[in-house]
Amino acid sequence: MAKMDEITVGIIGMGEMGKMYARRISAAGWSVEAEAIDSVVALYGPSTKQGAVVGGQTSCKAPELAAFENHLPEDVDIVSCHSLHGPKVDPTGQPLVQINHRASKESVGLVRQILSCFGSRRVEITGEEHDHITADTQAVTHAAFLSMGTAWCANDQFPWETDRYIGGIENVKVNIMLRIYSNKWHVYAGLAILNPWAKIQIKQYATSVTELFKLMLSGERDQLERRVKAAANTVFPPRQSDESLLLSDEVLDRFSLGKAPKEKKRNNHLALLLFRLWLGVTQYLFRKPGLLDEVLKTAIEDHSFRRDDLEFTFAARAWSECVSFGDFKSYRDRFERVQEYFKPRFPEATRVGNEMIKVIFEKM
């Protein structure tokens, strides 16, 4: 076990996540030196202290680890990490990835010891595995919620002020959308644009959204049902007799930013039909008796959400293009325009969202 007074932890980059790491690690008793710089690894890598352990907390490991390999001295160990949550979320119990890329047993143990102060659930995988997982989960999920926010903004609509988006799954959609837009744009841009697997998955998501929307427009109920239910059975195999839903109406209804209507409006949940993440919410949609059939029927017969679905489809394709072209400027412009629109509700959404996330993870 390393002695705290013999180790200095250096943090380069003081964005929201950098500050969160500095607070947690210093509060645990480690000596933390933090410096905010924008320079690339090539500028400071060659002068790294002999025998040091270097890691990154970026959301995309391929370019990070490549830079470390190219510019760090051979006697420097590389152990990276990534907290799979935002800076405003309590890290206790949340997943924290540790990547033992090039390191001795002692260095791996030291990093474990330092990061233990987060109280997170540690998962040790490779950098490539990490990028595959984040592309399948975080990147696609972010694209979906960014598209929701863009669609509501395009229609000049605060969703919690209309009874169409209050209660149940709607609460999750609104709260998570607001949580994402309340953060810094670069958190999501880097994860999507720098991860080659994310580009593929986000493009496929936009393509699938478009194809499902076309089926809805043309009234092809049978084909829509076959496609969606095939996906549902792949992600959630047929229910066992003792299977129970991770989330309930009671849980989902607790986290509303608006007043619940006397009667809930039906929604086709186009965005959620394609989800891989938000296991409990997606399971609720696919496995609550009768709900998926109601959603499919609504998609074909009820046109009250068509305006929103149209804008959502446009938005999904536009975000995919930003990512495919590697266009950070366009990504930032789009993000900050929508962010400004919803900004007045961020404080309340953060409070409600934190509580919601906690309850959802307790149920999973």
Starting from Val187, can I reach Phe342 by hopping between I/L/V/M/F/W/Y residues whose side chains sit under 4.5 Å apart? yes
Compare every heavy atom of Ile180 with every heavy atom of Phe335, then report the nearest pair and how far apart it is. CZ-O, 3.5 Å
Rounded to the nearest 0.5 Å, how far apart are OG1 of Thr298 and NE2 of His303? 11.0 Å
Show your reasoning for whether side chain to side chain contact (heavy atoms under 4.5 Å, CB included) applies to Val174 and Trp152. CA-CA 10 Å; Val174 171; Trp152 285 322; 4.1 Å; yes
What I'd like to find out is whether the side chain of Arg102 reaches to under 4.5 Å of the side chain of Leu72, using heavy atoms alone. yes
Backbone N/O of Asp309 and side chain of Thr313: donor-acceptor pair under 3.5 Å: yes
Phe312 side, atom CZ; Phe213 side, atom CZ - distance, nearest 0.5 Å: 11.0 Å
Search all heavy atoms of Cys60 against all heavy atoms of Pro63 and return the closest pair with its distance. SG-CD, 3.5 Å
State yes or no: do Leu191 and Leu96 share one hydrophobic cluster built from I, L, V, M, F, W and Y residues joined by side-chain heavy-atom distances below 4.5 Å, directly or via other members? no
Output the distance between atom CZ (Arg24) and atom OG (Ser120), rounded to the nearest 0.5 Å. 7.5 Å
Quick one: do Ile176 and Tyr341 end up in the same hydrophobic cluster if we chain Ile, Leu, Val, Met, Phe, Trp and Tyr together by side-chain heavy atoms under 4.5 Å apart? yes
Could you check whether the rings of Trp185 and Phe328 sit parallel, tilted or perpendicular, using 30° and 60° as the cut-offs? perpendicular
Exam field: side chain Ser182 to backbone Arg179, donor-acceptor pair closer than 3.5 Å: yes
Whether Lys214 side chain and Val209 backbone form a donor-acceptor pair below 3.5 Å: no
Any non-hydrogen side-chain atom of Arg227 less than 4.5 Å from a side-chain atom of Ser208? yes
Under 6.0 Å between the ring centres of Phe346 and Tyr181? no
side-chain hydrogen bond (donor to acceptor under 3.5 Å, both in side chains) between Glu128 and Thr126, intermediate numbers included: CA-CA 5 Å; Glu128 184 175 3; Thr126 68; 5.6 Å; no
Heavy-atom side-chain proximity of Leu212 to Val228 below 4.5 angstrom: yes
Find out whether Leu224 and Met216 are in side-chain contact, i.e. whether some heavy atom of one side chain is under 4.5 Å from a heavy atom of the other. yes
Run Gln57 and Met20 through side chain to side chain contact (heavy atoms under 4.5 Å, CB included) and show every step you take. CA-CA 11 Å; Gln57 211 285 136; Met20 189 272 281; over 6 Å; no
Minimum-distance pair of heavy atoms, taken over all atoms of Ser218 and Leu215: OG-O, 3.3 Å
Between Phe325 and Ser330, is any pair of side-chain heavy atoms under 4.5 Å apart? no
Salt-bridged, Glu294 to Lys297, with N to O below 4.0 Å? no
With a 4.5 Å cut-off on side-chain heavy-atom distances among I, L, V, M, F, W and Y, is there a chain of contacts connecting Ile300 to Leu296? yes
pair Tyr21-Leu115: side-chain heavy atoms closer than 4.5 Å: yes
Give the C-alpha distance, both sets of side-chain angles, the deciding distance and a yes or no for side chain to side chain contact (heavy atoms under 4.5 Å, CB included) between Glu64 and His82. CA-CA 12 Å; Glu64 172 195 301; His82 182 205; over 6 Å; no
Any donor and acceptor pair, going by atom type alone, linking the side chain of Arg121 with main-chain N or O of Thr92 inside 3.5 Å? no
First locate atom CD of Glu129, then atom OG1 of Thr134, and finally report the distance between them rounded to the nearest 0.5 Å. 11.5 Å
Within this structure, what is the NE2-OG distance for the pair His130 and Ser59, rounded to the nearest 0.5 Å? 7.0 Å
If I take atom CD from residue Glu211 and atom CD from residue Gln223, how far apart are they, to the nearest 0.5 angstrom? 9.5 Å
So, do Glu311 and Gln157 sit near enough that their side-chain heavy atoms are less than 4.5 Å apart? no
Measure across Ala62 and Asp131 and return the closest heavy-atom pair with its distance rounded to 0.1 Å. N-OD2, 2.9 Å
Mind checking whether Asp77 and Leu110 have side chains closer than 4.5 Å, heavy atoms only? no
Is Gln339 reaching over with its side chain to a backbone N or O of Asn183, donor-acceptor style, under 3.5 angstrom? yes
Which heavy atom of Ala315 sits nearest a heavy atom of Ala151, and at what distance? CB-N, 4.5 Å
Audit row: Gln94, Leu84, side chain to side chain contact (heavy atoms under 4.5 Å, CB included) steps and yes/no: CA-CA 7 Å; Gln94 299 287 346; Leu84 300 180; over 6 Å; no
Taking only Lys NZ, Arg NE, NH1 and NH2, and the carboxylate oxygens of Asp or Glu, determine whether Asp293 and Lys229 approach each other closer than 4.0 Å. yes
If I compare all heavy atoms of His142 with all of Tyr188, which pair ends up nearest, and what's the gap? ND1-CD2, 3.3 Å
Taking the basic N atoms (NZ, or NE/NH1/NH2) and the acidic carboxylate oxygens, is any pair closer than 4.0 Å for Glu124 and Arg112? yes
Run the salt bridge (charged side-chain N to carboxylate O under 4.0 Å, His left out) test on Arg337 and Asp333 for me, step by step, so that the C-alpha distance in whole Å, both residues' side-chain angles and the decisive distance to 0.1 Å come before the verdict. CA-CA 6 Å; Arg337 175 173 54 82; Asp333 289 345; over 6 Å; no
Decide if the gap between the ring center of Trp319 and the ring center of Tyr331 is smaller than 6.0 angstrom. yes
